[in-house]
Amino acid sequence: MIISLDNFKEILKELNPKKFLSIDTETTGLKWFNNDRLFSLVISDETEDYYFNFNKDPDYEGNLPPSNFILPREWLKELQLKLSDKNCTWFIHNAKFDMGIISREGLIILGEIHCTEAVARLLDGRHPAYTLDDCVRRMFRHLRQKGPSKIDEVKKLVSKKKLYKEVHLEGKNQAKKELHYHKVPFDMMATYACMDGRLCYLLGTYQLKVLENRISKGLDGFKQSYDQEKKITKVCFEMEKEGIDLDIDYTNESLSHYRSNMKDAEQRFYDIAGTHIVDSAKGYKEVFQRLSIVPGLTAKGNPSYAADVLEKVKHPIGKVITDYREARKLMSSYYSTFLYLVSKEGKIHCSIKQNGASKTQRMSIVDPALQTVPKEHDPNDPWNVRRCFVPPEDYCFFAPDYDQMEYRMMLDQAEEIPVIKKILGGLDVHTATAEQMKASSRDAAKTINFLLLYGGGPPRLAEALGISVKEAESLYHQYFYNLSNVQRWRRKIMAFAQFKGYIKNPMGTISLVHPKGEYKAPNYAIQGGCAQAMKKAMAKIADNMKGMKSKMVLQIHDELLFAMHRSELDYCPEIVEVMESVYKYKYLPLTVGPKFSWRSWGDTKEGYPTLEAA
DNA sequence: GAACAACGCACC
DNA sequence: AAACGGTGCGTTGTTC
């Protein structure tokens, strides 16, 4: 139903008693922190979809929306009354985006927020995609119902009529497309928006039923994580909204630096090969033949031109190719993207997918991918991507991170007492493992530790250590002989996964496991346990920090980043205390190492921040 | 021209 | 019998 100037107020009254609603906004673009605005929104209840249009501009054919259906933008304020209802739960697919968009209109949801995307990932993380269409298609299949057939007509129109602007970023070949949904004809937009609203409502109620069903089967881990995710949605939204200051001058200088590096590499390639560089197997095949270089092989048996292979060929062209790739990647994925995404206020507002790693409920971060920003490798190199991010005036960065979070949690879960005793006695985890294994180097122990967390076998160990598979096998035996509880714990988890089809991690929440994927189960348990512990810490910390000037701004799996105001530095130890307290250990607690910097994310040093260091 | 596979590489 | 987990993002090249 399309809301008109005449029935607007009446409809709002009708919404008042509703306990569950879905909301979906239609916007001029994705940068809610900059100039993009909502032009319409749809609210759905159990029977009806209400389409509120605020767009008064013509569509791509020049047609105007019917004047009776153009609502004044000021009327958006009227929605706040219902949004303030704490007894209402809102189903929203990718909720934080809509929260951002409506926040730009001065609106805030004080009720419960059920992000149907995050919940879909939580309930079954085994799928490859979680768009609204994907989730809805699976829901109908599961219910043995026929869903709507045409769900992406709007998308098709946008593509066919080229209702987008192409933006070219330096270092990128492919243009970014900024889609202009506000150019879609009014009737079509209203129809499909209402359908999305309906589908989101159906998905939300379906998810609640699935949840109920799981709980009734005794799987209360899902209840626990569902409740936590609802809190985390709000916490992450605050982080996204806060953003991180970008040093725009430094970012521009870095871009120029790598621009010249890339050109330089292109020239060097041409000097050696006599052709222009094309970074692909096809592009290198002929050149490598001419230079009589034999490349290695990829996993699928094709010629490989990966960095480690290029290093082995011992020909200067290897360095040229890796230099070219490095410069190009840094420009396109980071520097150019930052400058494209930076807000008017000079901040980067990333998007946090709270269950992005859906199999383990880890978070992932996109636009930009701040969890993959390279770390500093050479302290003498003035160019470091993390230096692009700086604390605001009178603030410093505080970056506490868990020490060997995953391995410690595994040892504790396995109750591997002899190693735990050594660690509690002051040894680092890898040295302790090496000692316990007897006759093993710290390096070998460290490699085994990682492989155990990832489910890797002797062939991988052999590869990593440059030894034979036989030797790797014997190292494994040595490990399991001397750390037999780890072996026992792994077998228990795998058997459980095989029998039940899911695992329960140390924090009590659940991941479904594909049949034949049981070897991944110990990894899911630990990665998932760590992810949940971190989320629990984040929820508590965000709660405790309400009203403070200092803000939590980023999470990188086992590390948090805070912008701390100079007057609140003494709060840092409390953050660490919360982080250390969330996991209820049996023998080995999680510990946290503090880091700080007054300069940039790329300049953090160990310890707590002080004013003297400013 | 879009979708997909394959590759490569950054992080934890 | 045998398997290194989880991501995001970029390019090239093929296919429909």
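The analysis underlying the following values was restricted to heavy atoms, covering all of them including side chains, and did not include hydrogens, waters or symmetry mates. Keep in mind that this is a model prediction, so the values were computed, not measured.
Between A:His377 and B:dC9, a side-chain N or O to OP1/OP2 separation shorter than 4.0 Å is absent. Phosphate proximity of C:dG8 to A:Lys353: present, with a side-chain N or O under 4.0 Å from OP1 or OP2. In this model, the phosphate group of C:dC4 is not approached by any side-chain N or O of A:Asn523 to a distance below 4.0 Å at OP1 or OP2. Contact check, A:Ser364 against C:dG8: a side-chain N or O comes under 4.0 Å of OP1 or OP2. Contact between the side-chain N/O atoms of A:Lys172 and the OP1/OP2 oxygens of C:dG10 is found at a separation under 4.0 Å. Under 4.0 angstrom from either OP1 or OP2 of B:dA2 there lies at least one side-chain N or O belonging to A:Lys177. Between A:Tyr524 and C:dG6 there is a side-chain N or O to OP1 or OP2 distance below 4.0 Å.
Nucleotides C:dA2 and B:dC9 place their P atoms 30 Å apart, quoted to the nearest Å.
Note on A:Asp443 versus A:Lys446: no salt bridge recorded, every NZ/NE/NH1/NH2 to OD/OE distance being 4.0 Å or above. Ion pairing between a basic and an acidic side chain is recognised when a charged N comes within 4.0 Å of a carboxylate O; A:Arg387 and A:Asp247 show no such pairing. In this structure, A:Asp323 pairs ionically with A:Arg268, as a charged nitrogen and a carboxylate oxygen lie closer than 4.0 Å. A salt bridge links A:Arg442 with A:Asp428: the closest approach of a Lys/Arg side-chain nitrogen to an acidic carboxylate oxygen falls below 4.0 angstrom.
Residue-level contact check: A:Ile365 touches the backbone only, with heavy atoms under 4.0 Å from sugar-phosphate atoms and none from bases. A:Leu453 comes within 4.0 angstrom of nothing in the nucleic acid, heavy atoms only. Using a 4.0 Å heavy-atom distance criterion, A:Asn449 is classed as making no nucleic acid contact. Residue contacts shown for A:His514 are absent, as no nucleic acid heavy atom lies under 4.0 Å away. Among the atoms of the strands shown, only primed sugar atoms or phosphate atoms (P, OP1, OP2) are found under 4.0 Å from some heavy atom of A:Ser280. Nucleic acid contact for A:Lys359: sugar-phosphate only, since backbone atoms but no base atoms lie under 4.0 Å from a heavy atom of the residue. Residue A:Val373 is classed as a sugar-phosphate contact, given heavy-atom separations below 4.0 Å to backbone atoms only. Residue contacts for A:Lys516: at a heavy-atom cut-off of 4.0 Å it reaches no nucleic acid atom on any strand shown. Within 4.0 Å of A:Lys155, counting heavy atoms only, lies no atom of the nucleic acid at all.
For A:Gln532 and C:dG6, the CD to P distance is 17 Å, given to the nearest whole Å. In this structure, A:Tyr454 places its OH atom 8 Å from C1' of C:dC4, rounding to the nearest Å. Atom CD in A:Glu406 sits roughly 16 Å away from atom P in B:dC11 (whole-Å rounding). For the pair A:Leu370 CG and C:dG8 C1', the interatomic distance rounds to 11 Å; values are reported in whole Å. Rounded to whole Å, atom C1' of B:dC9 lies 16 Å from atom NZ of A:Lys375. Rounded to whole angstrom, the span from the CZ atom of A:Phe450 across to the P atom of B:dC11 amounts to 13 Å. For A:Glu473 and C:dA3, the CD to C1' distance is 14 Å, given to the nearest whole Å. Taking atom CZ of residue A:Arg328 and atom P of nucleotide C:dC9, one finds them 17 Å apart after rounding to whole Å.
Cation-pi geometry between A:Lys31 and A:Tyr340 is met: under 6.0 angstrom from the ring centre, within 45 degrees of the axis.
For A:Val366, taking side-chain heavy atoms from C-beta onward, the closest of the listed nucleotides C:dA3, C:dC9, C:dT7 is C:dC9. For A:Lys329, taking side-chain heavy atoms from C-beta onward, the closest of the listed nucleotides B:dA10, C:dG6, B:dG1 is B:dA10. Among C:dA3, C:dG13, C:dG10, the nucleotide with an atom closest to any side-chain atom of A:Val278 is C:dG13. Of the candidates C:dC4, B:dC9, B:dA10, B:dC9 carries the atom nearest the A:Arg325 side chain, counting heavy atoms from C-beta on.
Side-chain atoms of A:Ser254 and A:Tyr334 include no donor-acceptor pair closer than 3.5 Å.
Atom-to-atom distance recorded for A:Arg121:CZ and A:Thr116:OG1 is 11.0 Å, nearest 0.5 angstrom.
Judged by atom type and distance alone, A:Arg362 reaches the base of B:dC12 through a side-chain donor-acceptor pair under 3.5 Å. The base of C:dG5 sits within donor-acceptor range of the side chain of A:Gln527, with an N or O pair under 3.5 Å.
For A:Phe397 and A:Phe562, the distance between ring centers is not under 6.0 angstrom.
Remark: A:Thr298, A:Lys300, A:Asn302, A:Ser304, A:Tyr305, A:Ala306, A:Ala307 in residues 295-321 of chain A come within less than 4.0 Å of DNA chain B through at least one heavy atom.
Base pairing annotation: C:dA2 forms no Watson-Crick or G-U wobble pair, as no partner gives both donor-acceptor distances under 3.5 Å.
Screening A:Lys492, A:Gln413, A:Met494, A:Met410 for a side-chain contact (heavy atoms from CB on, under 4.5 Å) involving A:Pro522 leaves a single residue, A:Met494.
Other residues, nucleotides and ligands contribute more than 12 heavy atoms inside 6.0 Å of the NE2 atom of A:His127.
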